[in-house]
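Right, one structure below, let's go through it.
Whatever order the structure lists ligands and atoms in, that order sets their numbers, starting from 1. Being a predicted model, the structure only gives us computed values, none of them experimental.
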Amino acid sequence: MNITIIAGARPNFVKIAPIIKAINSAKSANKAIDFRLVHTGQHYDKKMSGSFFDQLGIPEPHANLAVGSGTQAEQTANIMVRFEQELLDHPCDVVLVVGDVTSTMACSITAKKLNIQVVHVEAGIRSWDLTMPEEINRMITDSISDHFFTTSELANENLRKSGIKDDRIHFVGNTMIDTLLAQRPHFIKPTVWDELGLQEKEYLVMTLHRPANVDEEEKLKSLMDEVVHNTQELPLIFPVHPRTAKILQNLGVAHPRLHMIEPLSYLEFNYLVEKAKAVVTDSGGITEEASIMNVPCMTLRDNTERPETIDLGTNELIGTNPEAIAPAMKKLFSGQWKETQEIPMWDGKTAERIIEKLLEIYR
Ligand code: UD1
């Protein structure tokens, strides 16, 4: 079985690393399986892409479609045109896509139109918020995939309700957590730690990049102001995503306790999260990682496609109204934040289960 694996943007890299490792193990055990890794080039900076490959031991991609930035339509179209050629030049049995980024959707459509089997890892999750490009990507990818690897019982249920039969739904867990558990002993102290004299549980980490939070200058400014004014005397470390950086250039937000830094590598970022008092974020993946590491997590969104991080993890939906931040911080500082519980199947063995299943399906 020849699998073409797609990776395009930062969270994809974290999700494919253990899958590649599992394929290599199966290969070493003489299983008939091989892969070709295609990087679409949606994320291209060293900080957004290269450092993830280095740290997570992901091999050099066999092809880089180098699509770069653009509008949603430009990126989608460029990925499709280039991936179609890639598939014609290098036919495969299965295309494996992960997550919900533009590359996920564009490559699944392209593969399906060439009658190639598509499998989706992290299938079935839904925010039901169609203003998010990721939700559209999830819905379209799931509407044409052949097999669905899921992270939660709710994802299974969402897929069943859309008419997908049980024999195509495989509840395997979360490959992002495979990576987290494998890399946790190797986290790296970022230079900002000593530069700022940070101490365990004596600072907060923030990340913001969703269009709904960052594309409107006033909204972004009021969210940032409100967070920084409610973190008592603690420093707030904000690794800034390029999308957010562009908007911040004109905003002039500054505060002595607010430290805006470049995006961090995976091992450095998770070092900071593991030791933080809390994380404030609008990312989905970070809510999962914070939950597993039992770090309080406030999500600045009105919905989530990952409700298990709320029911079982440390995540709470604070919303996007800046007024909701003060009460949440009060709860944190009074020591009343919930503790995490075990999340079914998030045990570090998801990628092995995926490859085992694929070998069974595509014998
Ligand atoms: C994308 C994903 C999002 C994911 C996020 C993680 C989609 C629709 N969104 O959002 O789900 O959580 O990645 O980072 O796929 N840029 C750089 N350098 C890079 C990459 C991007 O400067 O290496 C700039 C681009 O010029 C662009 C902006 O960042 O203007 C946004 O990049 P884009 O890929 O469009 O979407 P993200 O907001 O990163």
Please list the nearest protein heavy atom to [atom] with its residue and the distance rounded to 0.1 Å.
atom: atom 16 (N) of ligand 1; result: Tyr44 OH, 3.6 Å
atom: atom 36 (O) of ligand 1; result: Arg243 NH1, 4.0 Å
atom: atom 3 (C) of ligand 1; result: Glu134 OE2, 3.2 Å
atom: atom 18 (N) of ligand 1; result: Asp45 OD2, 3.0 Å
atom: atom 37 (P) of ligand 1; result: His241 CE1, 3.8 Å
atom: atom 34 (O) of ligand 1; result: Gln42 NE2, 3.2 Å
atom: atom 2 (C) of ligand 1; result: Val101 CG1, 3.7 Å
atom: atom 32 (O) of ligand 1; result: His43 NE2, 4.1 Å

Short list, please: which atoms of ligand 1 are under 4.0 Å from a heavy atom of Lys246? 24 (C), 25 (C), 26 (O), 27 (C), 30 (O)
Would you mind listing which atoms of ligand 1 come within a distance below 4.0 Å of any non-hydrogen atom of Gln75? 34 (O), 35 (O)
N-O pairing of [X] and [Y] below 4.0 Å:
X: Arg138; Y: Glu135; result: yes
X: Lys46; Y: Asp54; result: yes
X: Asp142; Y: Arg126; result: yes

If you draw a 6.0 Å radius around CD in Glu217, do more than 12 non-hydrogen atoms from other residues or ligands fall strictly inside? yes
So, His43 versus Phe13, ring centres under 6.0 angstrom or not? no
Would you confirm whether the ring centroid of His170 sits within less than 6.0 angstrom of the ring centroid of Phe149? yes
Heavy atom of Lys47 under 4.0 Å from ligand 1? no
Within the structure provided, determine whether Arg243 and Pro211 are in side-chain contact (heavy-atom separation under 4.5 Å). yes
For the backbone of Thr141 and the side chain of Ser108, can you confirm whether one donor and one acceptor N or O come within less than 3.5 Å of each other? no
Only heavy atoms count here, so choose which of Glu135, His209, Met48 is nearest to atom 5 (C) of ligand 1. His209
Out of Ser69, Ala245, Pro242, indicate the one that has the non-hydrogen atom closest to atom 25 (C) of ligand 1. Ser69
Applying a heavy-atom cut-off of 4.0 Å, say which part of Pro11 lies close to ligand 1: side chain, backbone, both or neither. side chain
Ring pair (Phe, Tyr, Trp, His ring centres under 6.0 Å) pairs touching residues 61-119, sequence neighbours excluded, are Phe35-His62
